[in-house]
*Asks:* 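This structure is in structure tokens; I'll ask about it shortly.
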There are 2 protein chains.
Amino acid sequence: MKMMDIGEVSKRAGVPPSTLRYYEEIGLIRSDKRHGLRRQFDPDVLSRLALIALGRTAGFTLVEISAIIGRDGELYLPRDELRAKADDLQRQMAKLRILRDTLRHVADCKAPSHLECPTFRKLMKAALRTEKRGYRHPNASNRP
Amino acid sequence: MKMMDIGEVSKRAGVPPSTLRYYEEIGLIRSDKRHGLRRQFDPDVLSRLALIALGRTAGFTLVEISAIIGRDGELYLPRDELRAKADDLQRQMAKLRILRDTLRHVADCKAPSHLECPTFRKLMKAALRTEKRGYRHPNASNRP
DNA sequence: GCTTGACCTCAAGTTAGCTTGAAGTCGTAC
DNA sequence: GTACGACTTCAAGCTAACTTGAGGTCAAGC
């Protein structure tokens, strides 16, 4: 397969070269050999980068992403951890849906004040319900 | 209405006091008066904090969130900007869905290598398609 | 053979979003 | 009235994820 140098990867993946070097430095991607000084990338790096971008928009840190996609092309992690992450994503989507609906509603609603609009209040209540688990208060019990 | 001091807001909202002070400092929330030195918060701050948390999980910065929810309880921003943000959220949800499906699939798939699994390859192609607009390459045209 | 431009390294700088720590001020319970 | 714990300020520190800049290398085209 024909290798690409960093400029081409950058252009195709929409990621600046500095970021690609950084990702390589932390072991998130790798370049296969050098042509003189220049890194040569296998085209596979593109799907890997797509997966990384996906993980980023999902709010995973680069470290978490490394853990998930491992060194080679495979996805690691025990099955139940993967399922747990998938469930997190599901919950996150639910939150996004609420926010999306709220914004759409506000864009269309004619009520003088949203605080008086029943639809808005319902959405806000939904938003409040999503507010579970996150910061653990110092005084809270130590039970998982 | 009875005011709450910072500890109670912290407990109820699941947000550390230091964060609440920080949010106040940058004008994202406000405390109404002081009882001696102590900030007193209107209970409304809780829905505001829920909205902020929602915005955060959606990937908005605190500055963007300020712009959206404004100083008082209302949501600001011209309608079409709100709709545009809502559409962003929609797109983001699509990405999350792909990632979720990918993780779920990987958790269940029995294929020896994912790279050979057609389902996986289909998901990866979908992931690649989401890879549009983000970093604008220096050599790219200046057209919006 | 020389220029050019795309690459290289390495250290230092940047931004967002908080947290931590030291030192001080209160109001409530005893 | 004093001790306690929950608050206060302010400056400094921290982490993630990059970017920037100075100074250097090299291959391909002329």
Side-chain angles (χ1 to χ4, degrees), chain A residues 2-42 45 48-49 51-69 134-140, chain B residues 2-42 45 48-49 51-69 134-140:
Chain A
K2 54 195 303 262
M3 297 286 156
M4 308 153 65
D5 64 9
I6 207 171
E8 193 173 353
V9 177
S10 168
K11 219 172 292 175
R12 290 195 191 234
V15 170
S18 60
T19 303
L20 295 172
R21 289 191 204 101
Y22 174 68
Y23 282 0
E24 190 185 14
E25 192 183 319
I26 64 172
L28 201 48
I29 58 176
R30 43 195 253 267
S31 55
D32 286 306
K33 249 311 168 195
R34 294 292 178 107
H35 179 48
L37 274 187
R38 308 181 175 197
R39 290 162 176 82
Q40 295 305 112
F41 291 93
D42 186 297
V45 81
R48 195 172 172 90
L49 284 169
L51 212 43
I52 291 170
L54 229 45
R56 298 280 297 120
T57 70
F60 291 116
T61 67
L62 296 183
V63 168
E64 289 171 322
I65 294 172
S66 311
I68 296 176
I69 66 185
Y135 165 70
R136 181 160 299 229
H137 197 275
N139 289 350
Chain B
K2 56 194 302 262
M3 298 286 157
M4 308 152 64
D5 64 9
I6 207 172
E8 192 172 355
V9 176
S10 167
K11 219 171 292 177
R12 290 195 191 236
V15 170
S18 59
T19 302
L20 294 172
R21 288 192 204 99
Y22 175 68
Y23 281 0
E24 190 185 14
E25 192 182 321
I26 64 173
L28 201 47
I29 59 176
R30 44 194 252 267
S31 55
D32 286 305
K33 252 305 163 196
R34 295 293 179 106
H35 179 47
L37 274 186
R38 308 179 174 200
R39 290 162 177 82
Q40 296 304 113
F41 291 93
D42 186 297
V45 81
R48 196 172 171 88
L49 285 169
L51 214 41
I52 292 169
L54 229 45
R56 299 281 296 121
T57 70
F60 292 116
T61 67
L62 296 182
V63 168
E64 289 170 321
I65 294 172
S66 311
I68 296 175
I69 66 185
Y135 165 70
R136 181 160 300 227
H137 197 276
N139 288 351

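Since the structure is predicted, the reported quantities are computational estimates derived from the model, not experimental observations.
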*Asks:* Please determine, for the side chain of B:Leu62, which listed nucleotide (C:dC18, D:dT9, C:dT28) has the closest atom?
*Replies:*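 Comparing C:dC18, D:dT9, C:dT28 against the side chain of B:Leu62, the answer is C:dC18.
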*Asks:* Quickly work out the A:Asp5 CG to C:dC7 P distance and round it to whole Å.
*Replies:* 5 Å
*Asks:* Give a yes/no answer on whether the side chain of A:Arg56 brings an N or O atom under 4.0 Å of OP1 or OP2 in D:dA17.
*Replies:*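 Result: yes.
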*Asks:* Find the distance B:Glu8:CD to C:dG27:C1' and express it as a whole number of Å.
*Replies:*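 From B:Glu8 CD to C:dG27 C1': 17 Å.
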*Asks:* Rounded to the nearest angstrom, tell me the gap between atom CE in A:Met3 and atom C1' in C:dC7.
*Replies:*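 Spelled out: CE on A:Met3 to C1' on C:dC7 is 18 Å.
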*Asks:* Is the shortest side-chain N/O distance from A:Arg38 to OP1 or OP2 of C:dT9 below 4.0 Å?
*Replies:* no
*Asks:* Heavy atoms, side chains only, cut-off 4.5 Å: are A:Tyr23 and A:Val45 in contact?
*Replies:* no
*Asks:* Can you figure out which of D:dT25, D:dT19, C:dT9 approaches the side chain of A:Arg34 most closely?
*Replies:* C:dT9
*Asks:* Nearest whole angstrom, please: distance from the P of C:dA16 to the CD of B:Glu25.
*Replies:*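 Spelled out: CD on B:Glu25 to P on C:dA16 is 14 Å.
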*Asks:* Can you check whether A:Arg39 has a side-chain N or O nearer than 4.0 Å to OP1 or OP2 of C:dT9?
*Replies:* yes
*Asks:* Would you mind telling me which of B:Ser18, B:Pro16, B:Pro17 makes a side chain to side chain contact (heavy atoms under 4.5 Å, CB included) with B:Ile6?
*Replies:*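 Result for side chain to side chain contact (heavy atoms under 4.5 Å, CB included) with B:Ile6: B:Pro17.
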*Asks:* Is the shortest side-chain heavy-atom distance between A:Met4 and A:Arg12 below 4.5 Å?
*Replies:* yes
*Asks:* Which whole-number value in Å describes the distance from A:Tyr22 OH to D:dT15 P?
*Replies:*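 Those two atoms, OH and P, are 13 Å apart.
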*Asks:* Need to verify one output field. Residue with the more 5' nearest nucleotide on DNA chain C, B:Thr61 or B:Gly36?
*Replies:*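 Residue closer to the 5' terminus by nearest nucleotide: B:Thr61.
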*Asks:* Checking side chain to side chain contact (heavy atoms under 4.5 Å, CB included) between B:Ile29 and each of B:Val9, B:Leu20, B:Asp42, which is the one that passes?
*Replies:*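 Per the side chain to side chain contact (heavy atoms under 4.5 Å, CB included) rule, the option paired with B:Ile29 is B:Leu20, out of B:Val9, B:Leu20, B:Asp42.
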*Asks:* Looking at A:Tyr23, I'd like to know whether one of its side-chain N or O atoms comes within less than 4.0 Å of OP1 or OP2 on D:dA17.
*Replies:* no
*Asks:* In whole Å, I'd like the distance from the CD1 atom of B:Ile26 to the P atom of C:dG17.
*Replies:* 7 Å
*Asks:* Between D:dC18 atom P and A:Ile6 atom CD1, what is the distance in whole Å?
*Replies:*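 The distance from CD1 of A:Ile6 to P of D:dC18 comes to 14 Å, rounded to the nearest Å.
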*Asks:* State whether A:Thr19 places a side-chain N or O below 4.0 Å from either non-bridging phosphate oxygen (OP1 or OP2) of D:dA17.
*Replies:*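 The answer is no; no side-chain N or O of A:Thr19 sits under 4.0 Å from OP1 or OP2.
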*Asks:* Between atom NE2 in A:His35 and atom P in C:dC8, what is the gap in whole Å?
*Replies:* 12 Å
*Asks:* So, OP1 or OP2 of C:dA11: does either fall under 4.0 Å of a side-chain N or O from A:Arg21?
*Replies:*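 So the side chain of A:Arg21 is outside the cut-off, no N or O lying under 4.0 Å from OP1 or OP2 of C:dA11.
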*Asks:* Taking all non-hydrogen atoms of both residues into account, name the closest pair between B:Phe41 and B:Asp5 and its distance.
*Replies:* CD1-C, 4.3 Å
